[in-house]
Amino acid sequence: MAEPSTKQHLYLVDGSSYIFRAYHRLPPLTDPEGTPVGAVYGYTTMLWKLAADLDEADGPTHLAVILDAGSVSFRNEIYEHYKAHRPDPPEDLVPQFPLIRDATRAFSLPCIEVEGLEADDLIASYAREAQRRGWDVTIVSSDKDLMQLLGETDGARIDMLDTMKNQRIYLPEVEEKFGVPPELVGDVLALMGDAVDNVPGIYGIGPKTASKLIAEHGSLTAALDSAPDMKPSKLKERLLEGREDAELSKVLVTLKEDCDLPQPLDEMQLGPVPPEPLAAFLSKHGFTSLLKRLETGTGSPARKTDLNPPKPDKAGDNGAGDGTTANRQPLPEMPRIDHSAYETVQSIERLEHWIARARAARLVAVDTETTSLDSVRADLVGVSLALGPNDACYIPLAHGGDDMFAQKPEQVPMDRAIAALKPLIEDDSVLKVFQNGKYDLNVFARAGIAVAPIEDTMVISFALDAGRGEEGMGGGHGMDELSERHLGHTPIAFKDVCGTGKKAISFAEVPLDDATRYAAEDADVTMRLYRLLKPRLSEEAGTRIYERVDRPLIPVVARMEREGIKVDRARLARLSEEFAVEIGRLEGEIHELAGQEFTVGSPKQLGEILFDKLGYKGGKKGKSGQYSTDVSVLERLAGEGAPIARKVLDWRQLAKLKSTYTDALQAAINPATGRVHTSYSLVGAQTGRLSSTDPNLQNIPVRTPIGRQIREAFVPEAGNVLLAADYSQIELRLAAHMAGVDTLKEAFAAGEDIHARTAKEMFGEVTRDTRARAKTINFAILYGISRWGLAGRLEVEPDEAQAMIDTYFQRFPGIQRYIHETLESVRAKGYSETLFGRKTWFPRINSKNQAERQGSERAAINAPIQGTSADIIKRAMARMLPALADEGLTDVRMLLQVHDELVFELPESRVEAATPVIRRVMAEAALPAVELTVPLGVDIGTGLSWDAAH
DNA sequence: CGGATCACG
DNA sequence: GACGTACGTGATCCGA
């Protein structure tokens with residue numbers, strides 16, 4: 001081996017870690033074919049710069065790219081959880097992994113990966129080998145694990161280069177970050193752990209403590225050995241308890257420096273880059289500025305002798321499905337979205353053609369375009385259909401606006417199109433796939449079309465992935481998010497087509513070519529999502545909840561939205577006025593007491609008035625540095641004789657009622673129906689509950705007399721009544737069943753007052769006070785109790801609260817076991833389950849962050865109970881109208897759902913007949929799937945307002 | 001646009 | 001080095 005005349009300098013590029021960082025720092029570019037290439041572009045420019053540094057003083061003479069191969073390494077044999085909790089890479093990054101290899105080949109650079117070895121290990125081994133030969137080495141990465149390698153041996157130096165920050169990393173930088181020299185970095189890492197790689201470290205020891213300990217004792221072993229002699233402290237306990245974790249972690253973070261080297265160092269020599277494959281690559285992905293530079297030779301990259309000839313490129317055809325790589329979630333074989341493949345259907349003949357094809361396929365994705373987000377007000381503008389990837393069309397129906405004299409584009413007349421589509425959309429042998437089908441059902445309903453049968457990708461996603469969102473990755477079920485996550489594709493944004501804010505235009509004004517790209521793409525994406533998600537239902541046990549609970553509910557909830565509920569506008573207006581007068585009066589008094597005018601609605605100003613100006617005691621600032629002025633604080637001040645506090649409380653109540661209810665509800669009345677139509681979200685709450693928006697009719701006041709006046713404004717049509725049916729204590733009943741608490745089950749069976757019974761068990765006697773406390777404790781149990789939380793609510797010391805919890809567990813054996821078993825199961829599986837099989841995911845259940853973890857634990861205790869209750873009322877809703885119809889009660893309308901309550905409107909004459917049916921359907925809603933060991937009680941009332949029906 | 005507050009189950 | 005104590009929602013207002 002001849003000694004080189006000048007010093008050799010090997011650059012080792014940590015390709016895998018680079019691409020993750022580039023992805024997050026660069027905008028989401030796509031190439032001409034629609035493949036996301038933002039990270040690849042960053043990677044390409046980096047290689048360009050490195051290769052161009054060939055003749056620089058400290059530049060590379062040799063260069064190789066090292067990649068991770070696969071997701072399992074020898075470290076998993078040592079520790080099965082290693083890197084186990086890494087979120088899957090973002091979907092628009094996945095197709096870029098194979099392109100990294102393409103880019104490297106385009107530069108004719110060696111690209112090295114070995115199954116079972118991480119890039120870090122290969123880098124370490126190559127670096128040491130080069131160092132032995134007396135070469136300098138630069139590791140192009142910013143991975144802290146690699147900092148262990150830095151330093152100089154026999155004049156051969158290893159350093160790092162962070163190209164993103166354009167920063168050299170050497171001993172001072174390591175010292176600054178870890179407070180120790182490179183050879184001790186591994187020891188620090190072993191103590192502190194690494195949440196991203198799931199290296200445990202020692203629980204409760206962070207970077208600060210870890211580097212302090214290692215710096216002080218000189219090594220991990222010495223630090224651990226020192227523990228027994230330390231004076232008693234949390235740290236001492238943690239060190240003693242965590243010794244094994246730390247030793248395991250040390251093994252995990254130690255780099256393997258003696259890997260077999262698949263390609264000799266000499267072959268990594270860098271020379272001028274041959275322009276040919278590079279030009280082809282740059283042009284394919286639309287990197288035009290680099291292409292221009294290559295052609296003009298300005299700053300052209302260097303090249304190396306061609307030892308790694310590019311192979312024929314197959315992966316590039318699809319950008320996905322290249323199963324060779326860290327691509328752990330291979331995309332299905334679908335061609336990329338191609339907007340030019342879509343058809344604009346402008347004649348009845350073409351429409352008939354598409355309808356015939358859809359019939360033959362028996363499966364079609366459908367999407368409607370309208371004038372409004374409010375499905376009950378929306379007018380139909382067009383319909384899109386998709387039969388398969390890129391096989392989609394858009395049928396414009398009302399483009400050109402409603403100006404009768406304006407020039408309108410050629411389109412099938414609305415009535416002819418509706419007449420042609422109706423038989424297809426109503427055909428029970430053709431499955432219609434929607435994304436959020438409830439919306440389209442309402443739109444079609446207004447056009448006189450009753451859609452069935454349907455599938456809904458949004459609802460399927462919810463059955464599979466509720467709660468699954470993690471840091472940096474959305475967990476929603478909207479089309480754009482699903483497309484990003486599952487297809488790696490960003491659909492055209494609505495705002496790019498219609499604009500936003502004042503300049504926004506109606507979809508009816510969008511030119512047909514833009515409209516077609518947008519609308520047909522939505523149907524296309526929906527069909528693609530369906531193909532991907534539907535098979536997962538059976539693979540991941542989602543079929544039961546989807547088919548038996550959520551899917552049947554879609555048309556039922558759509559119908560409830562269309563029904564709406566009548567509100568008495570005059571009554572609300574009167575209330576608004578009364579509230580306004582009272583608010584004005586209180587405001588004057590508050591200003592008087594404060595000695596100045598200020599914005600009463602500003603918690604910031606109020607806090608300063610109360611605690612700084614007026615000098616009341618006990619002001620507590622939160623982390624925003626602001627005094628808290630919430631009810632509990634103001635109640636306390638009022639009790640301590642601060643007259644202003646009571647007035648502010650009254651002011652707040654009225655201001656809330658006026659702005660959120662009396663004013664807003666009047667504005668929400670649909671002029672066409674004279675009723676208020678809420679929109680329910682089927683995927684809003686992670687537990688499976690519905691949520692209600694625009695307006696929210698699930699939080700109409702009920703707890704105070706003044707608030708209940710608002711309920712009085714919810715009324716039936718003349719000759720009708722409102723009927724409210726609610727489950728009594730359903731969550732406590734379910735808890736008694738699920739935890740198998742005999743005492744509670746017996747009490748429910750006997751129809752006892754459950755809080756009173758709890759009081760008797762807990763305190764020996766039932767008084768107003770003990771019953772109230774028992775009620776609080778019952779709820780605390782459902783929500784995942786902590787002694788401090790309960791102490792705060794009951795205004796007792798944490799010790800006393802703990803004693804009550806102990807008593808509760810003792811009196812109601814089963815509860816503690818339920819909590820323990822639920823948590824164990826969620827920790828192991830990652831999700832909780834309801835009695836009907838609904839999953840809720842808890843990605844933070846094993847978090848190292850205590851607050852985060854405990855939060856997840858409380859939610860996980862509650863989710864099966866709240867979720868089972870939601871399943872039950874949903875089943876009742878799906879059965880309700882058919883059950884009533886069976887009794888000839890076709891004029892009962894189901895209007896609202898408020899978690900454990902259903903509200904109906906019906907002719908007064910029907911109350912007697914309907915009441916037992918409603919009661920039976922609700923009480924038996926769990927059957928036959930689940931046989932509960934407690935009865936479900938249902939309270940029913942009727943009246944001429946929602947308030948009176950209670 | 002986030003925080004504070006408060007309406008509901 | 002800390003931390004923040006009850007589950008699940010949505011609407012409104014203030015103020016940066």
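Proteins get letters first, then strands, A, B, ... in listed order; numbering begins at 1 in each. Hydrogens, waters and symmetry mates play no part in the numbers below; they use all other heavy atoms, side chains included.
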All N/O donor-acceptor pairs, side-chain side in residues 598-611 of chain A, below 3.5 Å, sequence neighbours left out:
residue, atom, partner, partner atom, Å
S602(A), OG, K604(A), N, 3.4
S602(A), OG, Q605(A), N, 3.1
Q605(A), OE1, T599(A), N, 2.9

Atom pairs and distances, donor-acceptor, side-chain atoms in residues 861-870 of chain A, under 3.5 Å, two or more places apart:
residue, atom, partner, partner atom, Å
N862(A), OD1, Q866(A), NE2, 3.1
N862(A), ND2, L782(A), O, 2.9
Q866(A), OE1, T687(A), OG1, 2.6
T868(A), OG1, L835(A), N, 3.2
T868(A), OG1, P864(A), O, 2.5

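A cation-pi contact, defined as under 6.0 Å to the ring centre and within 45° of the axis, is absent between K658(A) and F579(A).
As rounded to whole Å, 13 Å separates atom P of dC6(B) from atom CG of L654(A). Atom CD in Q866(A) sits about 17 Å away from atom P in dC8(B), given to the nearest Å. Put simply, CG on L657(A) is 18 Å from P on dT5(B), counting in whole angstrom units. I872(A) places its CD1 atom 19 Å from the P atom of dG9(B), with the value rounded to the nearest Å. Taking atom CD of Q653(A) as the reference point, atom C1' of dT5(B) lies 14 Å away to the nearest angstrom. Between the CG atom of L606(A) and the C1' atom of dA4(B) there is a distance of 12 Å, rounded to whole Å. Rounding to whole angstrom units, CG of residue D947(A) and P of dC8(B) are separated by 12 Å. Separating the CD atom of Q605(A) from the C1' atom of dA4(B) is a distance of 14 Å, rounded to the nearest angstrom.
Counting non-hydrogen atoms under 4.0 angstrom, T776(A) reaches a base of the nucleic acid. As judged by a 4.0 angstrom heavy-atom cut-off over every strand, K656(A) is placed among the base-contacting residues. Using a 4.0 Å heavy-atom distance criterion, G601(A) is classed as a sugar-phosphate-only contact. Contacts of Q854(A) with the nucleic acid, taken as non-hydrogen atoms under 4.0 Å apart, include base atoms. Contacts of A791(A) with the nucleic acid, taken as non-hydrogen atoms under 4.0 Å apart, are absent. Within the nucleic acid shown, T599(A) comes within 4.0 Å of sugar-phosphate atoms alone, with no base atom in reach, counting heavy atoms only.
Scanning all heavy atoms of the two residues, the minimum distance from A223(A) to L213(A) falls at CB-O, 4.3 Å.
The separation of dA2(C) from dA4(B), taken at their C1' atoms, amounts to 24 Å, rounded to a whole angstrom.
Residues that satisfy the salt bridge (Lys or Arg N to Asp or Glu O under 4.0 Å) test with K208(A), not counting sequence neighbours, are absent from this structure. Scanning for salt bridge (Lys or Arg N to Asp or Glu O under 4.0 Å) contacts around R793(A) gives an empty result, with sequence neighbours left out. For D939(A), the side-chain hydrogen bond (donor to acceptor under 3.5 Å, both in side chains) test picks out no residue, with sequence neighbours left out. Remark: F494(A) pairs with Y518(A) by the ring-ring contact (aromatic ring centres under 6.0 Å, His included) rule, at least two apart or across chains. Every residue was checked against the side-chain hydrogen bond (donor to acceptor under 3.5 Å, both in side chains) condition with S786(A), not counting sequence neighbours, and none meets it.
A ring pair (Phe, Tyr, Trp, His ring centres under 6.0 Å) check over residues 650-669 of chain A, counting only residues at least two apart or in different chains, returns nothing.
Nearer to the 5' terminus of DNA chain C, by closest-nucleotide assignment, is the contact made by A685(A) (compared with the other of T660(A) and A685(A)). Of the two residues contacting DNA chain C, namely Q686(A) and Y203(A), the nearest-nucleotide position lying further toward the 5' end is that of Y203(A).
Here E635(A) pairs with R646(A) in a salt bridge; the nearest charged N to carboxylate O distance falls below 4.0 Å.
Using cut-offs of 30° and 60° on the angle between ring planes, the pair H755(A) and F779(A) is tilted.
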Convert the base pairs of DNA chain C into dot-bracket notation, remembering that pairs crossing earlier ones are written with [ ] and that bases paired across to another strand are shown as |; include only Watson-Crick or G-U pairs under 3.5 Å. ......|||||||||.
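For the contact set between residues 726-737 of chain A and DNA chain C, defined by any heavy atom under 4.0 Å, there are no members. Across residues 687-710 of chain A, R689(A), Q698(A), N699(A), I700(A), P701(A), V702(A), R703(A) each have a non-hydrogen atom less than 4.0 Å from an atom of DNA chain B (numbered order).
Heavy-atom contacts from other residues, nucleotides or ligands closer than 6.0 Å to CZ of R919(A) number more than 12.
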Before giving the answer on salt bridge (Lys or Arg N to Asp or Glu O under 4.0 Å), spell out for R827(A) and E857(A) the whole-Å C-alpha distance, their side-chain angles and the decisive distance to 0.1 Å. CA-CA 9 Å; R827(A) 280 193 272 261; E857(A) 286 172 357; 3.1 Å; yes
Test log, rule side chain to side chain donor-acceptor pair (under 3.5 Å), inputs E797(A) and Q802(A): CA-CA 9 Å; E797(A) 291 304 310; Q802(A) 183 61 55; over 6 Å; no
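For DNA chain C, the span of nucleotides reached by chain A at under 4.0 Å from its heavy atoms goes, 5' to 3', from dG1(C) to dG15(C).
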